[in-house]
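Report on the structure given below.
Numbers here are sequence positions counted from 1.
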Amino acid sequence: MNLRSMRLGPSPISLFLGILALAAGLAGPALAETTEIRFFIPGASEERNQKLLGEIVAGFQEKNPDITVKVEGVGWDEAFQKLSTDFIAGRAADVAYIGTRNVAEFSMMGAIQPVDGLVDAETLGRIPEPVRVAAQFGGKQMAVPMAFSTQALYYRTDLIPTPPRTWDELAATAKAVTEKNPGMYGYATAAAAHVTLVSQFLNFVYQNGGEAFDSSGETKINSPQAVGALQFYVDLFQKDKVVPNPLELNREQHPPLFAQGKIAMMVSGPWGKAIMGLDPDNKTAPYAVAPLPCGKVCKGELVSDSLAISAKSEHPEAAGKFVAYLLQPEIHAKWDATSGLVPLLAEEEQLDTFKTPFWQTFIAMKANGFAQPTPRAWQPFEKILVEAVQSAILGKATPQEALDAAAEKIRKARIEPRA
């Protein structure tokens, strides 16, 4: 074979490239790359949550085969610290389930980013305005409310034929029950150092026409309305003697007392039923729920948790798609029904699950709801209010003195929600 005839055939390199091309053709088109996002949610390892989250994630990935979701989380008591640490270290999950009360704090840290443009307007528009606004900061929607609840008055139907509708009726009914039933208190309040003290106290503040902060972000916690609310709160224990020592209790300890026949009325969300493990028509402690008694106005706190997108997320668009998916009515209905939460979206209210008298009472409270305040830092705010309420209950300060001191501490700590 001469050199000329060798040059006439294909070169070894050409043959190799041809084989590669043929192999690629036989293998078909290359598989598309998938984007992985991380979803942090407290309680993810709980058995009920594992099943629910598994179904939801599988459904999302079926509709979005180019995105995979990795669920992770810790216990509820560890969640805030874990999130704070991860945000500071720049290793936070793409989507984080946070308390709405922490939105301002995480926003100021630069830990989360606005969801406008990442989550479509239709999805955001489904959320009731008072709840949606609570997840805003600096005029921007910084998170998307996901879990939501109202509160109602639980009362013993065998002892209280007609539930109280006003503060005066509440006090009178509690007195009557306490006097007629030795060993039982007519009502219960909370003043232990716990987040639920803030919820219980603020219900009375807003019912009396007050507020924690005004529209400009200035604290109004020592307004005449707030002082009047604290005086009523104190009187139930000190003067009327119709509640067990509130300093020893937080709100989540009330349901067992109710089930044991130690109290006849309490304020709780729908989770109170689950804590008791009793249906309304039980023989041990038959009960019903009613709207919260009104002061000058009829109000009740709207508490929510929200979904936030990390400012460090490398896949914010994919994260936004996942958040929007979780807020689809059929998906969110499954979430609320399984978790025992008040339906957030109007479309959910039509489901048979939520048409019982029990659920309808909590749903009706949405109309008179006020959003939980969002100071710049929740933990200092909570501590300040706990100290104020406790000092008034112990008689160390008058309600006016206690709340004047609280307002001054809030200002000095610079935690008013001024954008």
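- In this model, a donor atom of one side chain and an acceptor atom of the other lie less than 3.5 Å apart for Thr100 and Ser304.
- In this structure, Phe39 and Leu326 have side chains that are in contact, with non-hydrogen atoms separated by less than 4.5 Å.
- In this structure, Tyr187 and Met265 have side chains that are in contact, with non-hydrogen atoms separated by less than 4.5 Å.
- No donor-acceptor distance shorter than 3.5 angstrom exists from the side chain of Gln136 to the backbone of Gln141, with no hydrogens or angles considered.
- Counting all heavy atoms, side chain and backbone alike, Lys140 lies closest to Pro114 at CD-CG, 3.8 Å.
- The distance from atom CG of Leu249 to atom CG of Leu197, rounded to the nearest 0.5 Å, is 11.0 Å.
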(Q) Could you walk me through whether Val303 and Gln151 satisfy the side-chain contact (heavy atoms from CB on, under 4.5 Å) test, starting with their C-alpha distance in whole Å, then the side-chain angles of each, then the deciding distance to 0.1 Å, before giving a yes or no? (A) CA-CA 9 Å; Val303 181; Gln151 300 159 58; 4.2 Å; yes
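- Scanning all heavy atoms of the two residues, the minimum distance from Met109 to Ile88 falls at CE-CG1, 3.8 Å.
- Of all the heavy atoms in Phe201 and Ala226, the pair that sits closest is CZ-O, 4.2 Å.
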Q.
Would Val177 and Tyr155 count as a side-chain contact (heavy atoms from CB on, under 4.5 Å) here? Give the steps.
A. CA-CA 11 Å; Val177 171; Tyr155 68 98; over 6 Å; no
Identify every side-chain donor-acceptor pair in residues 239-248 under 3.5 Å, counting partners at least two apart or on other chains, and give the distances.
{"residue": "Lys241", "atom": "NZ", "partner": "Gln238", "partner atom": "O", "Å": "3.0"}
{"residue": "Asn245", "atom": "OD1", "partner": "Leu247", "partner atom": "N", "Å": "3.0"}

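- Panel note: side chain Gln61, backbone Ala58; no donor-acceptor pair is recorded below 3.5 Å.
- The environment of CD in Glu314 is sparse: at most 12 heavy-atom neighbours from other residues, nucleotides or ligands sit within 6.0 Å.
- Two residues are said to be in side-chain contact when any heavy atoms from C-beta on lie closer than 4.5 Å; Glu349 and Trp359 fail this criterion.
- Using bins of under 30°, 30° to 60° and over 60° for the plane-to-plane angle, the ring pair Phe60/Phe322 lands in the perpendicular bin.
- Side-chain contact between Pro343 and Ile363: present, with at least one pair of heavy atoms (C-beta onward) separated by less than 4.5 Å.
- Without hydrogens or angle criteria, His332 side chain to Met146 main chain gives a donor-acceptor distance under 3.5 Å.
- Summarising the local packing, CZ of Arg91 is surrounded by more than 12 heavy atoms from other residues, nucleotides or ligands at distances under 6.0 Å.
- Side-chain contact between Asn64 and Asp66 is present, with heavy atoms from C-beta onward closer than 4.5 Å.
- In this structure a side-chain-to-backbone donor-acceptor pair under 3.5 Å is present from Tyr154 to Gly269.
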Q: Decide salt bridge (Lys or Arg N to Asp or Glu O under 4.0 Å) for Lys383 and Glu387; before the verdict, give the C-alpha distance in whole Å, the side-chain angles of both, and the deciding distance to 0.1 Å.
A: CA-CA 6 Å; Lys383 184 174 184 292; Glu387 291 173 349; 2.6 Å; yes
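- The backbone N or O of Asn102 sits nowhere less than 3.5 Å from a side-chain atom of Glu105 that would complete a donor-acceptor pair.
- A cation-pi contact links Lys273 to Phe358, judged by a cut-off of 6.0 Å to the six-membered ring centre and 45° from its axis.
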Q: Please step through side chain to side chain donor-acceptor pair (under 3.5 Å) for the pair Asp168 and Thr166, ending with a clear verdict.
A: CA-CA 5 Å; Asp168 289 342; Thr166 66; 5.2 Å; no
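- Minimum heavy-atom separation, Leu327 to Arg126: O-NH1, 3.7 Å.
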Q: Walk me through it: do Glu317 and Lys321 pass the test salt bridge (Lys or Arg N to Asp or Glu O under 4.0 Å)?
A: CA-CA 6 Å; Glu317 291 80 12; Lys321 280 187 179 182; over 6 Å; no
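- Summarising the geometry, atom CG belonging to Leu385 is positioned 5.5 Å from atom CD1 belonging to Ile410; distances are rounded to the nearest 0.5 Å.
- With rounding to the nearest 0.5 Å, the separation of OG1 in Thr219 from CD1 in Ile415 is 8.5 Å.
- Contact between Met108 and Phe137 at its shortest, heavy atoms only, is CG-CZ, 3.6 Å.
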Q: Quick one: do Leu302 and Thr150 satisfy side-chain contact (heavy atoms from CB on, under 4.5 Å)? Show the steps, please.
A: CA-CA 5 Å; Leu302 305 180; Thr150 61; 3.5 Å; yes
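- Counting only heavy atoms from C-beta outward, the side chains of Glu301 and Phe370 approach each other to under 4.5 Å.
- Note that CG of Leu124 is 12.5 Å distant from CD of Glu129, once rounded to the nearest 0.5 Å.
- No side-chain donor-acceptor contact under 3.5 Å links Gln207 and Asn203.
- Applying the side chain to side chain contact (heavy atoms under 4.5 Å, CB included) test between Pro270 and each of Val342, Asp336, Leu341, Thr361 identifies Val342 as the sole match.
- Side chain of Tyr206 to backbone of Gly369: no donor-acceptor contact under 3.5 angstrom is found.
- Of all heavy-atom pairs between Pro375 and Ala104, the closest is O-CB, 3.4 Å.
- A distance of 7.5 Å separates CG in Leu307 from OH in Tyr97, rounded to the nearest 0.5 Å.
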Q: Determine, step by step, whether Gln225 and Ser223 satisfy the side chain to side chain donor-acceptor pair (under 3.5 Å) criterion, reporting the C-alpha distance in whole Å, the side-chain angles of both residues, the deciding distance to 0.1 Å, and the verdict.
A: CA-CA 5 Å; Gln225 296 88 345; Ser223 68; 3.2 Å; yes
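- Ring centers of Phe80 and Phe106: under 6.0 Å apart, within the cut-off.
- A side-chain donor-acceptor contact under 3.5 Å links Tyr287 to the backbone of Leu278.
- For Glu330 and Lys334, the salt-bridge test fails: no basic side-chain N is under 4.0 Å from an acidic carboxylate O.
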Q) Does the pair Asn208 and Phe232 meet the rule for a side-chain contact (heavy atoms from CB on, under 4.5 Å), with working shown? A) CA-CA 10 Å; Asn208 206 35; Phe232 182 78; over 6 Å; no
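- Atom CZ of Arg165 is surrounded by 12 or fewer heavy atoms from other residues, nucleotides or ligands within 6.0 Å.
- A distance-only check finds no donor-acceptor pair linking the side chain of Ser391 to the backbone of Ala402 [under 3.5 Å].
- Between His315 atom NE2 and Asp94 atom CG the span is 6.5 Å, to the nearest 0.5 Å.
- No more than 12 heavy atoms of other residues, nucleotides or ligands shown are found within 6.0 angstrom of NZ on Lys180.
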Q.
Walk me through whether Glu382 and Arg101 qualify under salt bridge (Lys or Arg N to Asp or Glu O under 4.0 Å).
A. CA-CA 11 Å; Glu382 179 185 313; Arg101 58 180 171 269; 5.5 Å; no
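- With hydrogens and angles disregarded, no donor-acceptor distance shorter than 3.5 Å links the side chain of Gln372 to the backbone of Ser199.
- Using a 4.5 Å cut-off on side-chain heavy atoms (C-beta onward), Gln328 and Lys63 make no contact.
- At least one donor-acceptor pair closer than 3.5 Å links the side chain of Asn282 to the backbone N or O of Asp279.
- Between Ser107 and Ile112, the closest side-chain pair of non-hydrogen atoms falls below 4.5 Å.
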Q: Evaluate the criterion salt bridge (Lys or Arg N to Asp or Glu O under 4.0 Å) for residue pair Glu72 and Lys82; output intermediate values, then yes/no.
A: CA-CA 11 Å; Glu72 54 191 53; Lys82 169 67 173 171; over 6 Å; no
